[in-house]
Amino acid sequence: MSHNDQPPSRIRVTMLLAEAAQVAEGKLYVLGGGLAIVAATPAPLAIAAKIDVPWDRADVLHEWKLELLDADGMPVMMNELPVLLQGQFQVARSEHLQPGTPLPMPLALNFSGLVFPAEQRFAWRLIIDDETEPDWQVAFTVAPMPSVEV
């Protein structure tokens with residue numbers, strides 16, 4: 001099979017729920033990564049994502065959306081609007097990469113003061129160019145409310 005006969009490459013995404021994340025110099029820095037249970041009280045929360053853009057999709061403007069889903073896979077509504085963040089990215093090829101190398105695009109989204117209902121399950125789902133994959137989401141459970149000693 002020649003290079004031209006290959007199917008178009010797909011974007012690949014690795015997502016992690018963390019306490020904090022940031023992007024610096026093209027790298028993703030994550031603190032408290034791999035959360036599966038979050039507090040039912042206000043606490044910092046972040047989504048860290050590494051998006052690998054195929055070589056043949058360099059210099060293309062991509063649109064992304066991150067939406068919060070409930071346990072049934074339905075959008076979580078707040079003030080009658082879905083909880084949704086969106087943006088755009090474009091990745092250029094580096095002269096130091098071998099042709100065909102996936103182009104990394106780190107993404108860090110931080111939230112402060114989010115409060116989720118106790119003992120429920122949610123997931124953040126990433127959508128790129130109106131497409132998503134089953135592993136482009138990160139699910140979590142909200143812990144029970146802490147008991148108060150009287």
Side-chain angles (χ1 to χ4, degrees), residues 1-117 120-142:
M1 182 182 280
S2 75
H3 180 71
N4 293 339
D5 294 337
Q6 293 179 348
S9 313
R10 300 187 67 79
I11 291 176
R12 299 197 187 281
V13 175
T14 303
M15 290 177 64
L16 197 61
L17 192 64
E19 291 175 348
Q22 73 179 39
V23 174
E25 298 177 13
K27 295 183 242 173
L28 193 55
Y29 292 86
V30 179
L31 293 172
L35 292 179
I37 300 173
V38 302
T41 56
L45 190 66
I47 301 292
K50 180 179 176 269
I51 302 168
D52 287 317
V53 178
W55 182 264
D56 60 355
R57 292 174 75 181
D59 301 318
V60 172
L61 186 64
H62 299 280
E63 295 190 9
W64 64 266
K65 294 179 207 165
L66 183 72
E67 63 182 349
L68 183 62
L69 306 175
D70 65 17
D72 296 323
M74 300 301 295
V76 172
M77 306 298 277
M78 189 175 294
N79 299 325
E80 299 182 23
L81 295 171
V83 177
L84 178 73
L85 292 93
Q86 52 192 358
Q88 299 175 324
F89 67 89
Q90 186 171 335
V91 185
R93 293 181 185 139
S94 165
E95 61 188 52
H96 306 293
L97 293 177
Q98 292 292 320
T101 303
L103 308 170
M105 167 58 205
L107 180 66
L109 302 165
N110 290 273
F111 308 95
S112 62
L114 285 182
V115 179
F116 297 97
Q120 292 194 31
R121 191 138 171 89
F122 296 94
W124 288 104
R125 176 171 62 185
L126 186 64
I127 300 164
I128 300 174
D129 299 332
D130 294 322
E131 293 184 19
T132 190
E133 298 283 340
D135 58 346
W136 292 10
Q137 62 181 8
V138 59
F140 61 97
T141 300
V142 182

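Everything numeric here is computed off the predicted structure, so don't read it as measured data.
Checked against side-chain contact (heavy atoms from CB on, under 4.5 Å), E133 has the following partners two or more places apart in sequence or in another chain: R10, D135, W136. Among residues two or more places apart in sequence or in another chain, the side-chain hydrogen bond (donor to acceptor under 3.5 Å, both in side chains) test is passed with R12 by none. For E67, the side-chain hydrogen bond (donor to acceptor under 3.5 Å, both in side chains) test picks out R125, with sequence neighbours left out. With sequence neighbours excluded, the residues forming a salt bridge (charged side-chain N to carboxylate O under 4.0 Å, His left out) with D130 are K65, listed by chain and number. The side-chain hydrogen bond (donor to acceptor under 3.5 Å, both in side chains) search around T14 returns none, not counting sequence neighbours.
A 4.5 Å side-chain heavy-atom check between F140 and V142 finds at least one atom pair inside the cut-off. Side-chain contact between F122 and V38 is absent, with no heavy atoms from C-beta onward closer than 4.5 Å. Side-chain contact between L17 and L45 is present, with heavy atoms from C-beta onward closer than 4.5 Å.
Taken to the nearest 0.5 Å, the NE2 atom of H62 stands 4.5 Å off from the CD1 atom of I11. Atoms CD1 and CE, from I47 and M15 in turn, are 5.0 Å apart once rounded to the nearest 0.5 Å.
Between V91 and V53 the shortest heavy-atom distance is CG2-CG2, 3.8 Å.
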List, one per line, each side-chain donor-acceptor pair under 3.5 Å for residues 69-89, sequence neighbours excluded.
residue, atom, partner, partner atom, Å
D70, OD1, D72, N, 2.9
D70, OD1, G73, N, 3.1
D70, OD1, M74, N, 2.9

Could you list the donor-acceptor pairs under 3.5 angstrom formed between side-chain atoms of residues 92-115 and any protein atom two or more places apart in sequence or on another chain?
residue, atom, partner, partner atom, Å
R93, NE, W55, O, 3.1
R93, NH2, W55, O, 2.7
S94, OG, H96, N, 3.2
T101, OG1, Q98, O, 2.6
N110, OD1, A21, N, 3.1
N110, ND2, A21, O, 2.6

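Pairs passing the side chain to side chain donor-acceptor pair (under 3.5 Å) check and including a residue from residues 37-54, sequence neighbours excluded, read K50-D52.
In this structure a side-chain-to-backbone donor-acceptor pair under 3.5 Å is present from T132 to L126.
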